[in-house]
2 protein chains.
Amino acid sequence: MKQLSTRFSVAVHALSLIALYKEDCTGDFIAGSVNTNPVIIRRIMGMLKKAGLVDVRPGVGGASLRKDPNQISLLEVYRAVNVTERDRLFRIHENSNIHCLVGRNIEHVLQAELNDAQTLMEQRLAQTTIGQLVDRFTK
Amino acid sequence: MKQLSTRFSVAVHALSLIALYKEDCTGDFIAGSVNTNPVIIRRIMGMLKKAGLVDVRPGVGGASLRKDPNQISLLEVYRAVNVTERDRLFRIHENSNIHCLVGRNIEHVLQAELNDAQTLMEQRLAQTTIGQLVDRFTK
DNA sequence: CACCGTTGTAACCATTATAGTTCTAAGTCG
DNA sequence: CGACTTAGAACTATAATGGTTACAACGGTG
């Protein structure tokens with residue numbers, strides 16, 4: 001992979017629309033703003049629904065937030081759309097040669113470092129909410 | 001992508017070996033410790049060479065470091081092996097509808113947040129050196 | 001010089017993730 | 001019922017990854 005999936009930014013986009021317009025945010029409307037296919041939006045909305053962030057059900061048009069926009073952090077959205085496997089950004093090669101000093105220890109030692117780095121990134125995402133972003137859109 | 005390429009961890013592994021054993025670190029030897037194909041190692045060594053981190057030339061076996069292991073940060077290695085496109089971890093969907101308030105602003109506003117998060121992660125990687133890791137392997 | 005081990009790299013493959021499309025089924029409400 | 005919507009299966013094209021085989025070129029040694 002070269003970059004993380006756009007599912008994350010699309011999800012933020014969708015949630016912002018719902019927070020801002022509240023009503024009549026159908027999949028087609030969101031798709032029109034994101035400029036993509038409605039099915040892409042439905043897939044992402046399904047993930048957000050599973051994560052308990054939105055309310056959306058068949059038949060009735062228009063999704064709604066299940067939490068105050070100021071209580072939805074970017075980290076929650078990031079986690080909801082599964083951009084990384086088992087919430088691990090970095091991947092470490094496996095099956096290193098255990099008869100080698102480096103091979104025997106690298107996974108454990110490196111994992112600690114990478115976890116720290118990842119955590120700092122996530123903590124930053126946790127500090128910003130959908131509500132804050134929406135405020136910035138509207139002024 | 002689900003996770004970043006193992007090129008990064010493999011590169012750290014290779015540099016650690018060279019720092020530790022200094023001599024006779026041929027591609028085959030490194031491949032044996034990493035437990036992968038020598039061509040994979042050669043590809044990565046080529047990237048590290050291009051980044052000025054190692055010295056390796058055809059014919060003669062055994063790579064060497066061009067800098068003190070304590071002067072090689074994990075961030076340098078991370079950048080050297082190109083795990084992300086144009087050094088951007090996050091990808092934001094493009095071509096949002098500019099006639100929509102959210103579509104018009106999301107890229108700019110979200111990019112600022114994601115850059116901050118990425119920078120924190122990278123700063124953490126910059127704090128650790130190959131030398132420090134090697135010290136941890138040997139005790 | 002010839003040989004052998006090495007690096008450099010092209011070419012190819014299997015696997016996987018992504019983003020997108022088409023299509024169908026089913027729910028909701030006027 | 002009919003119009004609109006969500007849900008999701010199935011399929012496609014594209015791209016990155018990790019791996020493999022093969023071969024050319026280099027360098028030191030006998």
Side-chain angles (χ1 to χ4, degrees), chain A residues 1-11 13-14 17-18 23-32 34-51 53-64 81-86 88-96, chain B residues 1-11 13-14 17-18 23-32 34-51 53-64 81-86 88-96:
Chain A
M1 142 211 119
K2 281 297 190 180
Q3 288 185 298
L4 295 178
S5 166
T6 56
R7 276 200 301 277
F8 179 33
S9 67
V10 171
H13 189 143
L17 283 174
I18 301 170
E23 304 190 340
D24 297 322
C25 276
T26 68
D28 280 31
F29 171 72
I30 297 173
V34 171
N35 213 337
T36 185
N37 191 293
V39 177
I40 304 292
I41 300 300
R42 279 181 233 149
R43 284 209 273 248
I44 292 173
M45 294 302 286
M47 291 176 165
L48 297 178
K49 181 182 178 181
K50 208 172 285 183
L53 296 180
V54 299
D55 217 340
V56 45
R57 45 189 223 281
V60 40
S64 56
V81 294
N82 266 317
V83 292
T84 60
E85 191 164 312
R86 286 176 312 169
R88 284 236 161 117
L89 176 61
F90 296 96
R91 185 168 154 219
I92 298 183
H93 57 288
E94 292 164 358
N95 308 318
S96 287
Chain B
M1 139 210 123
K2 278 299 189 180
Q3 287 185 298
L4 295 179
S5 166
T6 57
R7 279 200 300 276
F8 179 33
S9 67
V10 171
H13 190 143
L17 283 173
I18 302 170
E23 305 191 336
D24 297 321
C25 277
T26 67
D28 280 30
F29 172 71
I30 298 173
V34 171
N35 213 336
T36 185
N37 192 292
V39 176
I40 303 293
I41 301 300
R42 281 180 231 152
R43 285 207 273 246
I44 291 173
M45 294 304 286
M47 291 177 166
L48 298 178
K49 181 181 178 181
K50 208 172 282 181
L53 295 180
V54 298
D55 217 340
V56 44
R57 44 190 225 281
V60 40
S64 55
V81 294
N82 265 318
V83 292
T84 58
E85 191 164 311
R86 286 175 312 170
R88 283 236 162 117
L89 175 62
F90 297 95
R91 185 168 154 219
I92 298 182
H93 58 288
E94 293 164 358
N95 309 318
S96 286

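So that the names make sense, note that chain A is the first sequence line, chain B the second, and so on, each numbered from 1.
- Taking for each of B:C25 and A:N37 the nucleotide of DNA chain C with the nearest heavy atom, the 5'-most of the two is the partner of B:C25.
- Contact between the side-chain N/O atoms of B:T6 and the OP1/OP2 oxygens of D:dT17 is not found at any separation under 4.0 Å.
- One interatomic measurement links the two molecules: CZ of A:R42 to P of C:dG20, which rounds to 14 Å at whole-angstrom precision.
- Listed pair A:T36 / C:dA19 fails the phosphate criterion, with no side-chain N or O lying under 4.0 Å from OP1 or OP2.
- Distance CZ (B:F8) to P (D:dG18): 13 Å, rounded to an integer number of Å.
- Taking only side-chain nitrogens and oxygens, B:R43 never comes nearer than 4.0 Å to OP1 or OP2 of C:dT9.
- Within the structure, every side-chain polar atom (N or O) of B:T26 is placed at least 4.0 Å from both OP1 and OP2 of C:dG5.
- A:V56 comes within 4.0 angstrom of the backbone, heavy atoms only, and of no base.
- Picking from C:dT18, D:dA16, D:dT17 the nucleotide with the shortest atom distance to the side chain of B:E85 gives D:dA16.
- Nearest heavy-atom pair across A:M45 and A:I18 is CE-CD1, 3.7 Å.
- Nearest approach of B:H93 to A:V34, heavy atoms of both residues: CD2-CG1, 3.7 Å.
- Rounding to whole angstrom units, CG of residue A:D55 and P of D:dT6 are separated by 13 Å.
- Axis angle between the ends of the helix from C:dC1-D:dG30 to C:dG30-D:dC1, five pairs each and rounded to 10 degrees, works out to 10°.
- Checking side-chain atoms of A:R42 against main-chain N and O of A:G27 turns up no donor-acceptor pair under 3.5 Å.
- Distance CD1 (B:I41) to C1' (C:dG5): 18 Å, rounded to an integer number of Å.
- In this structure, the side chains of B:R91 and A:L4 stay at 4.5 Å or more apart for every pair of heavy atoms.
- Of the side-chain N and O atoms in B:K49, one or more sit less than 4.0 angstrom from OP1 or OP2 of C:dG8.
- At least one donor-acceptor pair under 3.5 Å links the side chain of B:T26 to the backbone N or O of B:F29.
- The two residues A:I30 and A:C25 have their closest heavy-atom pair at CD1-O, 4.0 Å.
- Listed nucleotides: D:dT20, D:dA9, C:dA17. Nearest to the side chain of B:V39: D:dT20.
- At a cut-off of 3.5 angstrom, counting only N and O atoms as typed in the model, there is no donor on one side facing an acceptor on the other between the side-chain of A:R91 and the base of D:dG18.
- Contact check, B:R57 against C:dT6: no side-chain N or O comes under 4.0 Å of OP1 or OP2.
- Rounding to the nearest 0.5 angstrom, the gap separating the CZ atom in B:R43 from the CG atom in B:L48 is 14.0 Å.
- Using a 4.0 Å heavy-atom distance criterion, B:G62 is classed as a sugar-phosphate-only contact.
- For the pair B:I18 CD1 and C:dT7 P, the computed distance is 10 Å after rounding to whole Å.
- For A:I92 and D:dG18, the CD1 to C1' distance is 17 Å, given to the nearest whole Å.
- Taking atom CD of residue A:Q3 and atom P of nucleotide C:dT18, one finds them 13 Å apart after rounding to whole Å.
- Toward the 5' end of DNA chain C, the nearer of the two residues B:A63 and A:P58, judged by each one's closest nucleotide, is B:A63.
- No donor-acceptor distance shorter than 3.5 angstrom exists from the side chain of A:K2 to the backbone of B:R88, with no hydrogens or angles considered.
- Spacing between atom NZ of A:K2 and atom P of D:dG18 amounts to 10 Å, rounded to whole angstrom units.
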